[in-house]
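Working notes, structure below.
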Amino acid sequence: MKFERYGLGLIKGMTVTIQHLLRHPTVTQFPEQRLNISRRTRGNELIWSREKCTGCATCAKTCPQGAIEIVTATNLADNKYEVETYRVDTGYCIQCGLCVEACPYDALFMGYSFERAKYRRGDLVQTDDELLESPERPASAYFHPEIDEKLPKQTLLIDKIVEKRK
Amino acid sequence: MAIVDFIVQNQLPMQVVPPDWPGGYWWHWLFFTVVLIGFVLIMVMGVIYVERRGLGRMQSRLGPNRTGPFGLLQAVADAVKVLLKENIVPDKADKLVHWLAPVVAFVPVLMIFAVVPFQNGALLADLNIGILYVVAISSVATVGVFMAGWGSSNKYSLLGAMRNVAAVVSYEMPLVLAVLGVVLVAGSLSMNQIVLAQDIPYILFQPLGFLIFFAAGCAEINRSPFDLMEADQELVAGFHIEYSGMKFAMFYLVEYAEAIAIAAIITTLFLGGWRGPILPPWLWFIVKVIIVFFVMVWTRATFPRVRIDQLMALAWKFLFPLALINLFVTAIQVLVWPDALPWIVIIINFAIMGILILLWSKFFKLGWGRLEV
Amino acid sequence: MTTTEMMTLKTEPFVLNFGPVHPSTHGVYRMRATLDGEVILDIEPVVGYLHRGIEKLAEERTYSGFIPLTDRLDYISPMSNNLGYCLAVEKLAGIKVPERAEYLRVIMAELQRLANHCIAIGSFLNDTGAYYTPFMYAFREREKIIDLFDMVCGQRLTYNYMRIGGVSQDIPDEFLPALKKIVEGMSRWIDEYDFLLMQNEILLARTKGVGVLPRETAINCGISGPVARGSGVNWDLRKADPYSIYDRFEFDIPLGETGDCYDRYRVRVEEMRQSLRIIKQAMNDIPAGPVRADVPHLVRPPAGEAYAHIEAPKGELGYYLVSDNSIAPYRCHIRPTSLINLTALREMVKGWKVADLIAIFGSIDITMGEVDR
């Protein structure tokens, strides 16, 4: 150790910290103040559209984790091929979004919400109607640019700081 | 100069608190003991708040702000949490030493405050060797720390305790020498007399002494950048790694009480103690203590930690010779020109400080680096 | 002078475990250090606490299904991992990537380098003992970059953005203005770090000349990235073996001289500035057009093998793929940067103190996800 700069290096550092004391902090107080997340957020749930789904199971094949289970059956009366069960184990899901990307009929969406903690492991397995879109389960614009405009604009930290310093 | 004149002229008339206030030896004893314990506990909470909020803001975050208004009750919440926690003693620990260590560390720190004047004469015991008593007592806390390190039977805590002992033994030297400069100028060892002698705060007469005392004080009480004994990046928590529950809280208390003690001594020796215009003396004292503590927080927020060999080298090669020279120069000044104009002495002392720091920065390398193994 | 000559008491070295749970091992690395007091005689690394068998998992997944798992390798810089893997598959299958996608890949990879170096510098300075201040500042800058990644791919940590034959989605309209703001502001923020600690005497004392990795050793150990460049090895795959479109951009490769911790730190800061230069050029030249080649979801490359390597923020990251003309790789081997850079640690720390071990370890900048795979 040698005071090559006669202690000026120490003082320089101290000016930076004291400047930060007077600046506005960068953090956000989460539950009260919320930033808008990205429109393309891959939230931890999957949203499925029963109308659009044809039961081709491309999603299940693409899923790297094998979290999607799909059971289809032929409805002989209507001469239709329909989905009997669509089950997603969100506990296995790694939110990679490959299923949404692979779906040829745009029947899958990533969820926009992120507060989806459950008390039990079993609650993470979602089946059929639990997977449909609803006001509590908004869909994200990931690979669905058509719903881009419906979602609020993302808050960027860089904009936020520029605002505060004005 | 005008400012200092203003300060000197506007001081409240010094009311001397009689030595047995409020009436009788035992009442005095009881009253001040209770007040001191209360003062230390409340100030610890206060400075923990100052430290956490200050550090938070310096690090571009907020710090605790949920418990109570502005997070003022955070320290209380922490205390309650720590009280309710399980007390874990390691299986291989030396039970008695492990149990006794926090007490041994805490008591001397509390005892330091006995001679710190809050107002003219308002102190538990106006010892005529006050500052000597402080120096003697403050080292005892190290025994507690070493007991904690040894009694935990953990290699990390042992390393931390060894570092602490090494640091305290080395830094005692420049600390005492820096104090001696003040004592020479004031002409007394009594803390109250030192304050009374400070018409101009001694930080101006003894700038080098102040710097040395501040650095050595920080090293004694494990404040950054000398917090090697609890170095959380290296030794996880150092000597108190095996402590939990109330015993951990005691060490936490010791850490901050020591910081307050050093801040109080710096205030008393260098910043004019309780003296100041307009505000009542005890409030001045507390304000000054908090300002000194804030500087410690500030350095903690900025500096990296020194290494153990650099720590020792800084004490023996940098602070120790400077403190000796400072003492020598002060002695000459006091002896040869006792009636010199204060402003001339102040300018000379600042010049000497600058030259000495430049010289020592230029020519001395601290720490030896790598060893061949 | 050796340590044995200095000893007069009978002492013996002792073994201290650093990790797998230790605040400064950057995950679950474990070092069994043999110490002589504070001096490190030897260390024995223990890896494997985070082993997830990612290479084997690749054989169970389709070519595109493995991309999300590459995010989990070096989770500090997933974009670079994605890029390396996609380049390997494209090489194997002979896929041509559209122009716009190439530019986007470069922008993302360089932003990733900025984000990674933010963490590397922040945690390195934290390891030297600066109490979380540089760490918080670095994370603040990283956060701004993460915001951009969130905007384009919807996640903040596991981006999964690159695809075989391009990138997953085109950037939204608000991306380029925000990027422009970051590029403009970033150099100012980097200056702030410099001002905070670059000339701090304590940091210089703790890092200059500490943990020297000689040039020869660096080459012999196969070290790459900022660690090698800090030792003066002029080896940057962006220049040495240009992949993607790096040959179109102008940038310099910062080199260190001595190969100590300070050089590695300085090289990283300089690299951040160079990355900004690359982003600036790419941002201005980015053409319109498709961002993804017409590649089926189940890529079926012809039988054969391919090795693609990129200059990831931590060094050379390579993917070796063997195909048997099925939808999943027959074998996937990853040349991890961190593991190979870690091999030099033992040479670097011998003879230094415990505190230096942490600083040197921090200056290598490893991620356990990549070391153990």
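Numbers restart at 1 for each chain; the letters A, B, ... are given by sequence-line order, proteins then strands.
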If we ignore hydrogens and angles and just use 3.5 Å, is the side chain of C:His22 paired with the main-chain N or O of B:Leu235 as donor and acceptor? no
Short question: side chain of C:Lys353, backbone of B:Ile308 - any donor-acceptor pair under 3.5 Å? no
Enter the distance from C:Leu203:CG to B:Arg305:CZ here, rounded to the nearest 0.5 Å. 12.5 Å
Please find the pair of heavy atoms, one from C:Arg140 and one from B:Ser60, that lie closest to each other, and give the distance. NH1-OG, 3.4 Å
Once rounded to the nearest 0.5 Å, what's the spacing between atom CG of C:Asp127 and atom CD of B:Glu234? 9.0 Å
Between B:Met162 and C:Glu38, is any pair of side-chain heavy atoms under 4.5 Å apart? no
Between CZ on residue C:Arg206 and CZ on residue B:Phe303, distance to nearest 0.5 Å: 14.5 Å
Which heavy-atom pair separates B:Pro304 from C:Ile202 by the least distance, and what is that distance? O-CG2, 3.4 Å
Whether over 12 other heavy atoms sit under 6.0 Å from B:Phe70 CZ: no
Separation between CG of C:Asp356 and CZ of B:Arg307, rounded to the nearest 0.5 Å: 4.0 Å
Which bit of C:Asn17 comes within less than 4.5 Å of chain B, counting heavy atoms only: side chain, backbone, both or neither? backbone
Given a strict heavy-atom distance threshold of 4.5 Å, which part of C:Phe14 is in contact with chain B: side chain, backbone, both, or neither? side chain
Heavy-atom distances under 4.5 Å only: say whether C:Leu357 touches chain B with side chain, backbone, both or neither. neither
Looking at B:Tyr156 and C:Leu16, would you say the former's side chain and the latter's main chain have a donor-acceptor pair under 3.5 Å? no
Between B:Gln59 (side chain only) and C:Tyr137 (backbone N and O only), is there a donor and an acceptor less than 3.5 Å apart? no
Select one option (side chain, backbone, both, neither) describing which atoms of B:Leu158 are under 4.5 Å from chain C's heavy atoms. neither
